[in-house]
Amino acid sequence: MGLIIRILISAVAVYVASMFIPGITVSGGPATYLIVAIVLGFLNAFIKPILTVLTIPITILTLGLFLLVLNVLMVYLTAYLVPGFAVSGFIAALLFSIVVSIITALIDAIV
């Protein structure tokens with residue numbers, strides 16, 4: 001039950017972020033928001049840790065700011081894998097990842 005709630009919270013965060021950030025388009029209705037949330041969660045759970053370990057030297061050199069680039073790469077990879085989800089720029093993907101993270105953390109703290 002907790003996993004379903006987290007996916008729904010992430011889908012709401014994707015919806016809110018796509019409404020306020022220019023350059024992020026989601027077409028296809030509520031199912032697309034759910035698919036984006038699931039794919040982004042999967043990538044963050046399985047691919048991002050591998051990339052984080054592989055890029056430790058760059059992350060140390062940039063004092064951790066390279067992790068933001070990894071977040072952007074996860075958003076781009078999600079856009080590549082999910083039809084109906086498009087990102088048109090680095091800044092849009094960066095803002096999207098920040099907004100989704102903040103909204104998800106806030107709602108998780110409440111629920």
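These values consider heavy atoms only, across backbone and side chains, with no hydrogens, waters or symmetry-generated copies. Note that the coordinates shown come from a computational prediction; the quantities given were computed from them, not determined experimentally.
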Among the clusters formed by ILVMFWY side chains lying less than 4.5 Å apart, do Leu54 and Phe66 turn up in the same one?
-> no

Nearest atoms (heavy-atom pairs only) where Ala11 meets Ala37 | N-CB, 3.6 Å

Measure the spacing between OG1 of Thr78 and CG of Leu73 and express it to the nearest 0.5 Å.
-> 10.5 Å

Should Val14 and Ile91 be counted in the same cluster of Ile, Leu, Val, Met, Phe, Trp and Tyr side chains packed under 4.5 Å apart?
-> yes

Is Ile98 reachable from Leu63 through a run of I, L, V, M, F, W or Y residues, each pair having side-chain heavy atoms under 4.5 Å apart?
-> no

Distance, nearest 0.5 Å, that separates CG of Leu77 from CG of Leu43 | 5.0 Å

Side chain of Thr32, backbone of Ser27: donor and acceptor closer than 3.5 Å?
-> yes

Out of curiosity, does Ile50 fall in the hydrophobic cluster containing Val53 (side-chain heavy atoms, cut-off under 4.5 Å, transitive links)?
-> no

Would you indicate whether Phe20, at its atom CZ, is surrounded by more than 12 heavy atoms from other residues, nucleotides or ligands within a distance under 6.0 Å?
-> no

Which atom names give the shortest non-hydrogen contact between Met74 and Ile47, and what distance separates them?
-> CE-CG2, 4.1 Å

Heavy-atom side-chain proximity of Asn71 to Lys48 below 4.5 angstrom | yes

Qualifying residues under side chain to side chain contact (heavy atoms under 4.5 Å, CB included), relative to Thr25, sequence neighbours excluded = Ala86

Please answer whether the main-chain N or O of Leu94 pairs with a side-chain N or O of Ser97 as donor and acceptor at a distance below 3.5 Å.
-> yes

Whether Phe96 and Phe85 hold their rings parallel, tilted or perpendicular, with breakpoints at 30° and 60° = tilted

List the atom of Pro49, the atom of Ala45, and the distance in Å for their closest heavy-atom pair.
-> CG-O, 3.5 Å

Is a side-chain donor or acceptor of Tyr15 paired with a backbone partner of Val26 at a separation under 3.5 angstrom?
-> no

Minimal heavy-atom distance between Val87 and Ala93, with the atoms involved, is CG1-CB, 3.6 Å

Measure across Pro22 and Ala92 and return the closest heavy-atom pair with its distance rounded to 0.1 Å.
-> O-CB, 3.7 Å

Evaluate whether atom CZ of Phe42 has more than 12 neighbouring non-hydrogen atoms of other residues, nucleotides or ligands under 6.0 angstrom away.
-> no

When Ile, Leu, Val, Met, Phe, Trp and Tyr are grouped by side-chain heavy atoms lying under 4.5 Å apart, directly or through other members, which residues fall in the same group as Leu34?
-> Leu3, Ile4, Ile7, Leu8, Ile38

Between Thr52 and Thr59, does a side chain to side chain contact (heavy atoms under 4.5 Å, CB included) hold up when you go through it step by step?
-> CA-CA 8 Å; Thr52 302; Thr59 304; 5.6 Å; no

Look at the side-chain heavy atoms of Ile, Leu, Val, Met, Phe, Trp and Tyr, link any pair under 4.5 Å apart, and say whether Leu51 and Leu61 land in one connected group.
-> no

Gap between atom CG of Asp108 and atom OG of Ser10 - 0.5 Å precision = 7.5 Å

